[in-house]
Structure formats: structure tokens, C-alpha cells
Amino acid sequence: MSLRSILLASACLVAAGALAPASAANFDGVFGADYSHLDANGGGGSANAWGLTGSGVFGFSQDWAGEVDGGYQHVSQGVGSVWNIDGSVMYRGGWGRVGGVVGYNSADNTDINVTNYGGFVDFYASHAFTVSVKAGGFNASHNTDGDYVGAQVAGYVMPDFAITGGYDYTHLQHAGNENDWSVGGEWLVSETTPVSVYASYTNSKISGGGPTINVWTVGVHYYVDSGPATLVDRQRAGAATYGTSFGPTLLKF
């Protein structure tokens, strides 16, 4: 089965959960659209990227859930179109959630395919702070394997406004390391209208004489849940998007 077929099937699965009654499907989801500008220091070039994402969480029981994530991004230079899909299983409690994830990434203009695997933890330090960590490894084409680790703190200045800061490290065998520092913010328009807007900035430093890549992103999220609810409640009951995500800047530029 092709990657596009897998993504289409996953999108249909997520959409089916979104259209079903929340109480019956025990479903939470988030869909997004974004625009990014990537710029490499030292004359390394620049690119624009447009993307679509979708995530759906299906509750198996009061404590256990499964998640499916899919995404598409078109980059104006370099790799062209990038596709990704991942699946995870997680345990959810009042203190937070913990889970494992397996994903697949592919770029149309290259013959690079990446399978990633790992685990994540979201800890609800208080109603105003969520601390997230993730770690894992990946197998890529041309024996470019490696591992990754990351941490993020989300601070809810208001129940409907979040500021995030994070650090991600990726080691690529025979290709050096990538260090990413990120900061961002998200605002839920209203608790009865499940639409939010967000913006972020990431500084990616590639070791071994590689470039420093700056990534500016703006986007919109649409939450699918039983609402009305605050942003903090939607994010904690919904998809574990930071923990399940994988995608070093090097794979997109």
C-alpha cells in the first residue's frame, strides 16, 4: 500500500471520528493548516512551506487511548512534498499521559524515507504548566540512522492562551547533529468556537560546518471535541502532538 493510500485511510478514520457523536466515539481531534518560511544563514538559501495536519485520539477505556497523526507539507525548494504518518498508544491519568509512537516520513523529491519510534511523557505540573519529554530512534535510507530527544514546557498564561518553549536534539549517523530551540504561542478564539491561531520560531543549528536555519511559522487549529472547553483542557484531553511528532529541519530543507 502506498504512503498516500495510508494517509487517505487515516484521514478517513479521523474524519469518521470527528463526525460521530463525541460521547459515542470517545474521540478528540485537531486539524491544522500552516505556513512556514525557512532561511539558512550564510547564503544557504531560503524556502517557503505550506502544510496540513490532522490528529485523532480514540479512547479504548477510561485510561487507555490510541492516536493517529498525519501530515503533508510542500516545500518550495529542496525536498518538495513531505508526507508523514504515525500511530501511538498511551495511558492517560490525572497527572498526565505516557505513550509509545511509531511513524513514517517520506519526501517526494528525494529517495529518503524515515521510520521513527520512541516514547513520550506529558506531566501536568499544575493547571498552568505542562512539561513534556520525548526520546527515540529512527532508521533512514542510505544507513542514515540516529536518535532523538526533546523537552518542552507549555505555560498557560490564561486558560485560552499558551506560550511554549522547547529544545530538540537529533543525532544523524554519519551526518552530524541538529540542535533546535523553539518558542511559540497559541490563542483559542473562544471556548465555544474551537478555532485557535498560533505562531512559532525555531532556530536549528546543524553541526559539522552546517548552516543555522531559522523557521518562522503561523497557522490555525480546529479542535474537534465535546466542548465548550478552554485551550488547556482541549490540549490535555486531545492529541499528544509534541510527543508524537518527529521531523528534524534537515529532512525538510
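Atom set for the values below is all heavy atoms of this structure, side chains included, hydrogens, waters and symmetry mates excluded.
Electrostatic pairing of Asp63 and Arg92 does not count as a salt bridge here, judged by no charged N lying under 4.0 Å from a carboxylate O.
Following chains of ILVMFWY side-chain contacts shorter than 4.5 Å, one can reach Val98 starting from Val89, so the two form part of one hydrophobic cluster.
For the residue pair Ser245 / Lys134, a side-chain donor-acceptor distance below 3.5 Å is found, with atom types taken as modelled. Judged purely by distance below 3.5 Å, without hydrogens or angles, the side chains of Thr130 and Asp122 never pair a donor atom with an acceptor atom. Side-chain N/O atoms of Thr115 and Asn139 include no donor and acceptor closer than 3.5 Å. Residues Asn105 and Asn116 have side chains that bring a donor and an acceptor to within less than 3.5 angstrom of each other. For the residue pair Asn84 and Tyr104, no side-chain donor N or O sits within less than 3.5 Å of a side-chain acceptor on the partner.
Ring geometry, His221 versus Tyr223: the interplanar angle exceeds 60°, so the pair is classed perpendicular (tilted spans 30 to 60°).
Ring pair His171/Tyr148: centre-to-centre distance not below 6.0 Å. Between Tyr222 and Phe31, a ring centre-to-centre spacing not shorter than 6.0 Å is recorded. Phe120 has its ring centre no less than 6.0 Å from the ring centre of Tyr242.
Annotation: the span from Ile85 atom CD1 to Tyr72 atom OH amounts to 16.0 Å, rounded to 0.5 Å. Between Asn179 atom CG and Ser207 atom OG the span is 7.5 Å, to the nearest 0.5 Å. Distance check, rounded to the nearest 0.5 Å: CZ of Phe123 to OG of Ser132 gives 11.0 Å. Taken from CD in Gln173 to CZ in Phe138, the straight-line distance is 9.0 Å, to the nearest 0.5 Å. To the nearest 0.5 angstrom, Leu172 atom CG is 9.5 Å from Asp145 atom CG.
Judged by the 6.0 Å and 45° rule, Arg236 forms a cation-pi pair with Tyr124.
Nearest heavy-atom pair across Ala239 and Val30 is CB-CG1, 4.2 Å. Taking each heavy atom of Val57 and Ala65 in turn, the nearest pair found is CG1-CB, 3.8 Å. The shortest heavy-atom contact between Glu178 and Pro248 is OE1-CB, 3.5 Å.
Screening Thr53, Asp34, Leu52 against Gln73 for a side-chain contact (heavy atoms from CB on, under 4.5 Å) leaves a single residue, Asp34.
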**Request:** Would you check, one step at a time, whether the test side chain to side chain donor-acceptor pair (under 3.5 Å) holds for Asp180 with Tyr167?
**Result:** CA-CA 6 Å; Asp180 300 336; Tyr167 168 73; over 6 Å; no
**Request:** Could you walk me through whether Glu186 and Ser196 pass the side chain to side chain donor-acceptor pair (under 3.5 Å) test, one step at a time?
**Result:** CA-CA 7 Å; Glu186 182 172 356; Ser196 71; 2.5 Å; yes
**Request:** Please assess Val101 against Phe246 for the test side-chain contact (heavy atoms from CB on, under 4.5 Å), listing each intermediate value before the final yes or no.
**Result:** CA-CA 10 Å; Val101 59; Phe246 173 80; over 6 Å; no
Identify every side-chain donor-acceptor pair in residues 153-165 under 3.5 Å, counting partners at least two apart or on other chains, and give the distances.
unit_1	atom_1	unit_2	atom_2	d
Tyr156	OH	Gln235	OE1	2.6
Asp160	OD1	Leu231	N	3.0

Which pairs of donor and acceptor atoms, one on a side chain in residues 208-219, lie under 3.5 Å apart (sequence neighbours left out)?
unit_1	atom_1	unit_2	atom_2	d
Asn214	OD1	Tyr201	OH	2.6
Asn214	OD1	Asn203	ND2	3.1
Asn214	ND2	Asn41	OD1	3.1
Thr217	OG1	Ser36	OG	2.7

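Taking 4.5 Å as the limit, some side-chain heavy atom of Arg234 sits within range of a side-chain heavy atom of Leu188. In this structure the side chain of Met90 never reaches within 4.5 angstrom of the side chain of Val121, judged on heavy atoms. Between Asn177 and Thr170, every side-chain heavy-atom pair lies at or beyond the 4.5 Å cut-off. Considering only heavy atoms from C-beta on, Tyr198 stays 4.5 Å or farther from Val220 through its side chain.
Listed for the Ser126 side chain is a donor-acceptor partner under 3.5 Å among the backbone atoms of Ala128.
Shown here is Trp181, whose CH2 atom has no more than 12 heavy atoms of other residues, nucleotides or ligands within 6.0 Å.
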